[in-house]
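Convention: sequence-line order gives letters A, B, ...; per-chain numbering from 1.
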Protein chains: 2
Amino acid sequence: MSLRIALLGLLTASGPSSGYDLAKKFETSVAHVWQAGHSQIYPELAKMSADGLVAVEAEGARGRKIYRVTPDGDAELRRWLLAHDPSTTVRSETALQSFLVPLLEPGEALTVMRRLKDRGEAHLSELEALRVRKDAVMDPAHRWGMFGAYALDLGLRQARCFVEWADDSIADIERRAGAGQGAPDPT
Amino acid sequence: MSLRIALLGLLTASGPSSGYDLAKKFETSVAHVWQAGHSQIYPELAKMSADGLVAVEAEGARGRKIYRVTPDGDAELRRWLLAHDPSTTVRSETALQSFLVPLLEPGEALTVMRRLKDRGEAHLSELEALRVRKDAVMDPAHRWGMFGAYALDLGLRQARCFVEWADDSIADIERRAGAGQGAPDPT
DNA sequence: TGTGGCATGTAATACGTTACATGATTGG
DNA sequence: CCAATCATGTAACGTATTACATGCCACA
């Protein structure tokens, strides 16, 4: 379901596009929110076309098909945004590692936590680069100037907050390890 | 893969348990990090047993099977924690809604954002309740006293940060809507 | 003319969700 | 003895990942 919605959203914001274009936009804009590769996108567009949510507007060179959103598609998108209660299921390998890290010895735990912090910092830089690019490209005259902007802001805040957490956790593990070595269990 | 790891982690921390026990623990402890129902857990335990990562220690009343982690399982868990670079794929309906929300009229956008904020606050309360319960139960004498604690801390921070973001975004949408009405497009 | 990037798709496999199905045991 | 909950599983379906496969077109 959500893949459809993401595609309808991109098509609405960018105007008529081919599957290839949409796959690109997935990589460069929605990626921090939802992921999908071309092998998922092409069949989904075909199904959406069968369901009347999108339509082939034109067929360009090398079999390129240009899709546009139909009124039904627009209604579906709005309905989902307004009425669908987003599922709360989370599945994050990063969070799972952080969950399990106390099973390791302090030294090993530090290795893992530092790697998590590095990944977090890398992720933060990516989002910051994205923001800069977006600021440069963003057209306030365009009807959907804020498209993706709130989500990007959320991503940036969470990424900063992740790095802070990693720092504090590393400090905590170091403190406990030090206490454990210096004075054995001062309970 | 990650499901195996989560199961190995829970088995390590809680000692020998049945599939049923593990399913419960999934709900009450790992849930904010990884989700799985019993229909996924039972077959996975069977496969893990075939692969030698866990072993049936005893068979109790009503066909209850008690699994424990084997040395191979322990090695697998450690290897994953130390060497596996966590995948960065995200798939969050909440974030997708926040991404697409600028496609709506300001009024509709506010409805959606306020719902997102409500969900965020609810999630925050759940995690806070979990922390209280955990603080009450946590046994510092136990070998893995911090099991799950770093992840919970991360969850709490991100949840707070989410609510802040929702507040700021709501304010931003209100501001833009007000500006749009009061003085039509002051560019 | 051939290499690289554009552009589209399918197939096999893995992972997840929902629904179905069954039987044992405990407590009222 | 009946209901609730313990406890285990399977089947059908939907979604996601990886790999395979093909052809067009521009440019060197």
Side-chain angles (χ1 to χ4, degrees), chain A residues 1-8 10-11 14 16-28 30-31 33-51 54 56-67 80 84-93 96, chain B residues 1-8 10-11 14 16-28 30-31 33-51 54 56-67 80 84-93 96:
Chain A
M1 193 75 275
S2 306
L3 175 57
R4 296 188 155 211
I5 300 301
L7 289 169
L8 287 172
L10 280 182
L11 270 178
S14 346
S17 324
S18 68
Y20 188 84
D21 296 337
L22 291 166
K24 284 257 150 122
K25 269 161 205 157
F26 250 92
E27 275 167 30
T28 57
V30 223
V33 152
W34 202 271
Q35 261 128 316
H38 74 272
S39 64
Q40 228 190 322
I41 291 170
Y42 288 126
E44 188 65 30
L45 283 170
K47 271 190 257 167
M48 290 165 76
S49 177
D51 294 349
V54 298
V56 179
E57 192 178 66
E59 304 212 14
R62 6 175 166 168
R64 188 185 162 91
K65 282 177 204 140
I66 311 293
Y67 291 93
W80 187 85
H84 176 76
D85 208 350
S87 96
T88 58
T89 42
V90 181
R91 212 154 285 162
S92 154
E93 291 195 348
L96 182 57
Chain B
M1 192 76 274
S2 306
L3 175 57
R4 296 187 156 212
I5 300 301
L7 289 169
L8 287 171
L10 280 181
L11 270 177
S14 345
S17 323
S18 67
Y20 188 86
D21 296 337
L22 291 166
K24 286 258 150 122
K25 269 161 205 156
F26 250 93
E27 276 168 28
T28 57
V30 223
V33 152
W34 202 271
Q35 262 128 314
H38 74 272
S39 64
Q40 229 189 320
I41 292 171
Y42 289 125
E44 188 65 30
L45 283 169
K47 272 190 256 167
M48 288 165 76
S49 178
D51 294 350
V54 298
V56 179
E57 193 179 68
E59 305 212 13
R62 17 175 158 179
R64 188 185 163 92
K65 282 176 204 141
I66 311 292
Y67 291 92
W80 188 84
H84 176 77
D85 208 350
S87 96
T88 58
T89 43
V90 182
R91 212 153 286 165
S92 155
E93 291 195 349
L96 183 57

### Message
For C/dT8 and A/Y20 - does any side-chain N or O of the residue sit under 4.0 Å from the phosphate oxygens OP1/OP2?
### Response
no

### Message
How many whole angstroms separate atom CD of B/E93 from atom C1' of C/dT17?
### Response
13 Å

### Query
Quick one: which of A/E44, A/Q40, A/K25 gives a side chain to side chain contact (heavy atoms under 4.5 Å, CB included) with A/L7?
A/E44

### Message
Distance check needed: C/dT18 P versus A/M1 CE, whole Å only.
### Response
15 Å

### Summary
dist B/I66:CD1 -> B/S17:OG (nearest 0.5 Å) comes out at 7.0 Å

### Query
How close or far is atom C1' of C/dT10 from atom CD of A/E44, stated in whole angstroms?
16 Å

## Note on the structure
Here the distance between atom P of C/dT17 and atom OH of B/Y42, to the nearest Å, is 17 Å

#### Entry: Residues within residues 33-41 of chain A bordering DNA chain D, heavy-atom distance below 4.0 Å
A/W34, A/S39, A/Q40

## Note on the structure
note: B/L3, atom CG; C/dC15, atom C1'; distance rounded to Å ~ 9 Å

### Message
Could you work out, with ring-ring contact (aromatic ring centres under 6.0 Å, His included) as the rule, every residue matching A/W80, not counting sequence neighbours?
### Response
A/H84

### Query
Starting at the 5' end of DNA chain D and moving along, which residue's nearest nucleotide shows up first, B/R91 or B/R64?
B/R64

### Task
Quickly work out the A/E27 CD to C/dG5 P distance and round it to whole Å.
14 Å

#### Entry: Point-to-point distance, once rounded to the nearest 0.5 Å, from CD of A/E27 to NE2 of A/H38
10.5 Å

### Summary
Taken to the nearest 0.5 Å, the spacing of A/K24 NZ from A/F26 CZ works out to 15.0 Å

### Task
Give a yes or no answer on whether the side chain of B/R91 reaches the backbone of A/V33 with a donor-acceptor pair at less than 3.5 Å.
no

### Query
Under 3.5 Å, is there a donor-acceptor pair between the side chain of A/S14 and the main chain of A/L10?
yes

### Query
Between B/E93 and A/S2, is any side-chain donor less than 3.5 angstrom from a side-chain acceptor?
yes

### Query
Is a salt bridge present between A/E59 and A/R64, judged by a nitrogen-to-oxygen distance below 4.0 Å?
no

### Message
Can you give me the first and the last nucleotide of DNA chain D (5' to 3') that has an atom within less than 4.0 angstrom of a non-hydrogen atom in chain A?
### Response
D/dT15 to D/dC25

